[in-house]
Amino acid sequence: MNVYDLKQSFISIFNESPERLFFAPGRINLIGEHTDYNGGKVFPLAITYGTYAYVKQRKDKKIRFASKNFSKSGIITASLDHLEKNNETEWVNYPIGVIHFLKESGYNIEDGFDVLFEGNIPNGAGLSSSASIEMATGVMVRELTGLSISQVELIKLCQRVENEFIGVNSGIMDQFAIGMGKLGQAIWLDCDTLEFEYAPIELEHEKIVIMNTNKRRELASSKYNERRAECEQALKIIQTYTEVESLGELSVAQLSDVKNWLDDLLLYRRVKHVVTENERTKQAYVSLKAGDLEQVGRLMNDSHQSLKEDYEVTGEELDTLAEFAQTQTGVIGARMTGAGFGGCAIAIVKTDDVEDFIKNTRRHYQDRIGYGPDFYVASVGDGAKEINIKGAEQTR
């Protein structure tokens, strides 16, 4: 990302120079998929791809939004006194929703601003581009106006935007990983209590390769909400037999009882995934702390199989990438990441094998699916923050 070019675009669009620059990363999840909204454990990390926001404060109530990713939408104007969902331009509802909920929560925002966004996260790929723009907006507004809202409270507010303003019934993992990310660290998070631990992910001789299926996954219209409803239905039945607040409280040892309690095999398979994935996440945390990356890779492979067989959220494209990747030289582990139904898979690959891995996997996917995937070699980065403009422009 060239922030100097972004600054010149800001000047071209708004006829003025920006004052401050903010960034929020995307995220990948090493393991712990579809456990976040079930009160379970997840293990995400922030990546160095993300959303940049150049901004200049105004002296009135007007807010002007623009995005280089959606340049055809031009400048979209809103007012601090009238923040409603935009039915014509979808992307702008993420920043509008954040400002709307900040004001609704009692935070005083007196002046508007002009802001230009640009992200290098593939849109719709499952790397949390929506949570990235939410957190970029939240940190930007907090720092511009001096709001006394903590990072964790801002994370919770951005999840509300996703749930109540956008209409996607997602958990808190995406916003948390993006808000609390730390260079060289993965985050082991209890989504029920929000207790978390950092675990060093030491990739001295390995790279994280993100594999984009290039099959768009529109989360709001996908089967994501259907899976969540199935888990809620199963939980209600289980709660008539034992006292639990979430599926995340169940142990693997209890699965035989759960199978007896649920006369619906589909609901049992959904619960089985959540419970076993939760256990895999705990094991991955222990393994990563011990520096056992090989075991983390095996757990990643098992996770993908469970997501395919028991939770049924992968599909041909993700299976083609992940399952082929698992057979390749230098691959420690591979799985889908994100909500599924398209989007991305990830692989941990030994550095010396990355070039051949990408070439072979691209060819296999092209032959099987009929079009090519995209690949991104990612690093583990920091969470949402302000960036020093002079320093960023000097490194362009």
Side-chain angles (χ1 to χ4, degrees), residues 10 14 18-27 46 50-67 70 73 75-87 89-119 128-181 191 194 220 382-387:
F10 186 101
F14 294 116
E19 297 170 332
R20 299 171 78 172
L21 175 63
F22 295 86
F23 171 77
R27 69 96 191 96
T51 304
Y52 294 80
Y54 255 126
V55 63
K56 180 178 175 63
Q57 198 145 23
R58 300 176 61 89
K59 302 296 185 184
D60 56 21
K61 300 287 186 181
K62 187 182 292 186
I63 309 172
R64 295 193 295 174
F65 301 95
S67 169
F70 302 97
S73 63
I75 296 174
I76 299 158
T77 302
S79 169
L80 284 170
D81 295 330
H82 190 69
L83 291 166
E84 291 188 349
K85 196 167 185 178
N86 189 311
N87 294 320
T89 308
E90 184 179 342
W91 75 264
V92 80
N93 288 319
Y94 296 97
I96 285 177
V98 173
I99 303 162
H100 170 83
F101 276 119
L102 282 169
K103 285 181 63 65
E104 186 185 77
S105 301
Y107 292 100
N108 187 31
I109 305 172
E110 291 288 340
D111 297 322
F113 48 85
D114 296 336
V115 58
L116 174 63
F117 294 101
E118 184 176 14
S128 295
S129 56
S130 61
S132 180
I133 194 171
E134 288 161 5
M135 287 301 300
T137 303
V139 171
M140 175 184 72
V141 174
R142 180 183 66 194
E143 299 304 315
L144 281 177
T145 57
L147 303 182
S148 58
I149 181 171
S150 70
Q151 194 81 332
V152 171
E153 289 305 312
L154 192 58
I155 286 163
K156 292 177 182 177
L157 184 140
C158 287
Q159 185 201 6
R160 280 189 63 207
V161 173
E162 200 82 39
N163 295 167
E164 300 173 30
F165 202 78
I166 305 300
V168 178
N169 208 10
S170 56
I172 202 167
M173 175 183 68
D174 295 352
Q175 290 82 4
F176 200 97
I178 289 166
M180 302 298 287
C191 294
L194 295 191
D382 280 325
K385 61 183 181 181
E386 183 168 5
I387 294 176

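Here, residue 1 is the first one in the sequence, and each next residue gets the next number.
Under a 3.5 Å cut-off, the side chain of Lys85 and the backbone N or O of Asn93 do not form any donor-acceptor pair.
Under the 30°/60° scheme for interplanar angles, the aromatic rings of Phe70 and Trp91 are found to lie parallel.
Taking both residues in full, the closest heavy atoms of Gly179 and Gln151 are given as O-NE2, 2.9 Å, listed atom of the first, atom of the second, then distance. Thr89 and Asn86 make their closest contact through N-OD1, 2.8 Å (heavy atoms, listed as atom of the first residue, atom of the second, distance). For Ala136 against Phe22, the heavy-atom pair with the smallest separation is O-CB, 4.5 Å. Nearest heavy-atom pair across Val139 and Ala384 is CG2-CB, 3.7 Å. Val115 approaches Ala53 most closely through the heavy-atom pair CG2-CB, 4.0 Å. Residue Ala24 comes nearest to Ile178 through the heavy atom pair CB-CG2, 4.0 Å, listed as atom of the first residue, atom of the second, then distance.
In this structure Lys103 satisfies the salt bridge (charged side-chain N to carboxylate O under 4.0 Å, His left out) test with no other residue, sequence neighbours excluded.
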(request) Apply side-chain contact (heavy atoms from CB on, under 4.5 Å) to the pair Thr51 and Ser129, showing each step before the final yes or no. (result) CA-CA 8 Å; Thr51 304; Ser129 56; 5.7 Å; no
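Contact annotation: the side chain of Thr145 never approaches that of Asn108 to less than 4.5 Å [non-hydrogen atoms, C-beta and beyond]. Within the 4.5 Å cutoff, the side chain of Phe113 has heavy atoms near those of the Ile63 side chain. In this structure the side chain of Asp382 never reaches within 4.5 angstrom of the side chain of Phe23, judged on heavy atoms. Tyr52 has its side chain within reach of Ile387: a pair of non-hydrogen atoms, C-beta onward, lies under 4.5 Å apart. Within the 4.5 Å cutoff, the side chain of Met135 has heavy atoms near those of the Ile155 side chain. Using a 4.5 Å heavy-atom cutoff, the side chains of Leu102 and Val141 are in contact. Considering only heavy atoms from C-beta on, Pro95 comes within 4.5 Å of Ile133 through its side chain.
In this structure, the separation between CD1 on Ile99 and CG on Leu80 is 7.0 Å, given to the nearest 0.5 Å. A distance of 9.0 Å separates CD of Gln159 from CG of Asn169, quoted to the nearest 0.5 Å. In this structure, the separation between CD1 on Ile76 and CD1 on Ile96 is 7.0 Å, given to the nearest 0.5 Å. With rounding to the nearest 0.5 Å, the separation of OH in Tyr94 from OG in Ser132 is 12.0 Å. To the nearest 0.5 Å, the span separating OG on Ser105 from CZ on Arg160 amounts to 5.5 Å. Here CZ of Arg27 is found 9.5 Å from CD of Gln175. Values are rounded to the nearest 0.5 Å.
Ion pair Asp114/Arg64 flagged as a salt bridge, since at least one NZ, NE, NH1 or NH2 atom sits closer than 4.0 Å to an Asp/Glu carboxylate oxygen.
Of the residues listed (Lys59, Lys61, Arg58), the one engaging Glu110 in a salt bridge (charged side-chain N to carboxylate O under 4.0 Å, His left out) is Lys61, and it is the only one.
Sorted by first and then second residue, the pairs that involve residues 131-157 and meet salt bridge (Lys or Arg N to Asp or Glu O under 4.0 Å), not counting sequence neighbours, are Glu153-Lys156.
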